[in-house]
Every structure is written in C-alpha cells, then in structure tokens.
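Below is one structure, written out as structure tokens; the observations come after it.
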Number of protein chains: 2
Amino acid sequence: MPAQTRERILDTSLAAFGLRGYDSTSLDEMASDLGITKQAILYHFSSKEHLLNATIELAVKELASALGGASKSQARGFQRIEDLVRATFSLAARRPEVLGLVRLVSRQGGAASGELASAMSGMLGEAVRFVEAEMIAGRFRRLEPRMLLLAVYSAVIGVATEPEVMRALGLEPDLRSLVKARRETIEFLRAALIAD
Amino acid sequence: MPAQTRERILDTSLAAFGLRGYDSTSLDEMASDLGITKQAILYHFSSKEHLLNATIELAVKELASALGGASKSQARGFQRIEDLVRATFSLAARRPEVLGLVRLVSRQGGAASGELASAMSGMLGEAVRFVEAEMIAGRFRRLEPRMLLLAVYSAVIGVATEPEVMRALGLEPDLRSLVKARRETIEFLRAALIAD
DNA sequence: CAGATAACTTACCAAATGGTAAGTCTATGT
DNA sequence: ACATAGACTTACCATTTGGTAAGTTATCTG
C-alpha cells in the first residue's frame, strides 16, 4: 500500500510550510524526514510550487472541516461566536501548522493564494451576514461588520499562534495556558460584542 | 560620505526581511537593489545572521520611538490605549516592514529573537501594570491582564498587517481603509474594555 | 510468460547562495 | 612622498537548491 506516500508527503509539507515557512523548507530535508528521496516527492508533485498548491488545498479542507461544524451550527447570538472560537483554538492546539499555513499564505499572497482566498472569502461572507443579522436583531453592538470580523479573526489567530509573544508576557505556551487564553479571548469578545 | 552605506543596507534589509522574510531574501538581491556588491554587505556585517541581528536592533529602536511617545503619555484610562493604537496604525501605514519584522521574529524565534523579546517584554510589562491599575480603579473591565493584552496586541497587529485577509473581506488595503480599520479597532477595544 | 504501468532510486546538473581571499582606489596623517 | 586604513570590487568556492534523465523493482494484465 505505497499509495499512502502521497499523503505522507502532504502531511509533512503542511507541517513544514505551516510552521517554518515555504522558502525555509527544502525538498531534500522533507524527503529525508520521510525516509525517501527528493525525487519521490517530485514524482507525486511535479514541482515545489505544485506541492505548495496541494498543501494549501489540504489546509483549506482541514480548516473547513474543523470550523465547518461550528460555522453551520444552529446556535444564535454570541453562542455561535463562542463555538467558532472554541473550534479555532482546538485546531490551534491539535494542528497548529494548519493555521500557520493559512497565515503564511494570507501574508505572502502569491499565485497560490487564490484558492485559499476564495475559500476564506466564502466563510467570511457567511460570517458577515450572520453578524449583520445579529446587529439588526439588537443582540450585537453596532459596529462595521467586516472590520469587526477582521479584529476578531486577528485576535483569535494571534492568540492561538503567537507563542513567542505569550512568552514575552511570561506565559508558557502549553496546553493549560492555551485553555486559559481561550477562556479569556471568549470573555474579551463577549464584552466587545454583546449589546448593553 | 560613504559611511551612509551601512545605514542604506540596514534600511533595505529591514524592508526585505520584514516584508518578504529572512530566507526569502538573498544578499545578492539586496546588493543589486542597492547598486553595490554582496561583498560590500559582508564588509559591514560579517554574515547574514549578523545583518539580521543589526536589523532587529534597528526595528526595536523604530518601534520604541514610534510607540514610546504614546506609551509614556500621561493619559489615563482608555485614552492611553487609543493613543497606542493610533501610534501602531501610524507605524503600520508609514513603515509596515517594522511590524512585519517584529512578527516574523516573534514567530520564528531563534537566537536573534532574544533582544526583541526582552524589548517587548519591557513594553508589555509596563502595559500589564497600567491595565491592572485601570482595572483596580474600576475604569477597565476585570479580565486577565496578560491575556487581554495578548488579544489586544493580536487584534491591532493583525488588522494593521493582514492585507490579504482584508482583501478576502472585500476591503482594499489602502490608506482610507486603514483609517477606517483604525477607527473600528478603537471602537471595538473601547467596547471590550470600558467597564459598564 | 511478455509487457506495460506505477512507484520509486541513482546519477546528474545548472543556478543560486552564503562566504573567503586578494586586489583596487581614495583619503588622510606623517 | 609614502605608508596606512577604510570602503569597497573582482575572483573564486563549496554547498544547497529545485529539477531532469535514466534506470530499477514490483505488481498487474493480456
């Protein structure tokens, strides 16, 4: 059953690209980690850029599957935000490389980012409509929905993926701190969002 | 007056490292941008890593000078937070590479991050004490100060430096949008922080 | 059993990369 | 006038990098 090789490569590349960056990761290095040769990678993915594309595709799937449940929940009001934040933190703890890759690609842009951009565009569009509805219903404070989401997104991704800043604050980025961070982030957002 | 070369190199490396990343930037490329040879760079900085160190040092200085005024202001309560956010956005608009480098280093860590970590540690420690005092005075909502700061930091840095996410939200990352983003971020933080 | 195909490996390669060694040019102090 | 030092450039170099070409081995098929 050597057909797994392709997926093992994608797993490794997701971890490598997501945690260390694209240019900082060489194909030789990845191959040696996998116990295969670089040419085996190039057999499955014809170039490093194609590998990146496939890796992004995988990350998008994992992101959608991790956040999809919370995103499609029937919960209303703040509960739905809370579900989403929980799901994001869970993903950050389980597979930090997924969010790392999202951040990497969303910063660097490049040709490969189109797919991720459109996937995120869809999720964010849905979120904008939800937030707008909640504001109209008077459950959320009136703010510019897109800017609000950008701030929420940044806060959650940042808290979930900035271990060095956590260290600068005197917090160890272990599981316990992550749980605390999650709770505080939710309280922070609750305070910011809930209308008086 | 060819002594300026050293500073020109640092300027270029700050932009390159901060916007594109360390590994993605080659010395040859930078040299060609500057109209000099790579060896001229290695004359002033004995290795690429030394250049990174010096670049971080410069970024720390610029960061301190940009945020120092707001940080040491006499303003109390939310006004001081607002000053800080304004200063951060101003820096993000004027010299995005500085925040880019801060983010790069704070993520990758590495040996060079020590200085930046300690500089940020100082600024953040001050901020923690300020926030704690405001909470005790009853002007800020009671939340865990360090986690709160992490969320605030993430929200501001994220909004100020995530152009691709802004595009996914249908916002162009131009100056006008940045001004809007700043205003909304401040309103968002005001809602989150001010005690009822 | 012949042969085709999938899944690799071994052998290369050209370009780029960080870095060294030695030379050049200019200003300055003696 | 001359040595010295600073600020470079020209010439190299070893290694790493992404990528190509040509086998090799095993499995499946007619």
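Lettering of chains follows the sequences in order, A, B, ..., and the numbering in each one begins at 1.
- Rounded to whole angstrom, the span from the CZ atom of R6(B) across to the C1' atom of dG6(D) amounts to 14 Å.
- Applying the side-chain contact (heavy atoms from CB on, under 4.5 Å) test between L189(B) and each of V156(B), L148(B), L84(B) identifies V156(B) as the sole match.
- Per the geometry, NZ belonging to K38(A) stands 12 Å off C1' belonging to dT10(C), to the nearest Å.
- For dC8(D), the OP1/OP2 oxygens have no side-chain nitrogen or oxygen of Y43(B) closer than 4.0 Å.
- Between S47(B) and dG18(C), a side-chain N or O to OP1/OP2 separation shorter than 4.0 Å is absent.
- The nearest heavy atom of DNA chain D to S46(A) and to S24(A) marks one nucleotide each, and the one closer to the 5' end goes with S24(A).
- Remark: the S154(B) side chain and the S154(A) side chain contain no N/O donor-acceptor pair separated by less than 3.5 Å.
- The nearest whole Å value for the distance from the CG atom in L42(A) to the P atom in dC12(C) is 19 Å.
- Between the CG atom of L27(A) and the C1' atom of dT9(C) there is a distance of 16 Å, given to the nearest Å.
- Computed from coordinates, the F45(A) CZ to dC8(C) P distance equals 11 Å when rounded to whole Å.
- Using five terminal pairs a side, the axes of the helix from dC1(C)-dG30(D) to dT30(C)-dA1(D) at its two ends make an angle of 10°, given in steps of 10 degrees.
- Separating the CD1 atom of I41(A) from the P atom of dT17(D) is a distance of 12 Å, rounded to the nearest angstrom.
- A single hydrophobic cluster is seen to contain both F89(B) and L149(B), as judged by linkage of ILVMFWY side chains at heavy-atom distances under 4.5 Å, directly or through other members.
- Here OG of S47(B) is found 9.0 Å from CG of L27(B). Values are rounded to the nearest 0.5 Å.
- A cation-pi arrangement is absent between K48(A) and F17(A), since the terminal nitrogen or guanidinium carbon is not both under 6.0 Å from the aromatic centre and inside a 45° cone about the axis.
- For dG19(C), the base has no donor-acceptor partner in the side chain of K48(B) [N/O atoms by modelled type, under 3.5 angstrom].
- The same ILVMFWY cluster, assembled from side-chain heavy atoms under 4.5 Å apart, contains both V152(B) and M135(B).
- A donor-acceptor pair shorter than 3.5 Å cannot be found between the side chains of N53(A) and E57(A).
- Comparing dT9(C), dT17(D), dT9(D) against the side chain of D28(A) picks out dT17(D) as the nearest.
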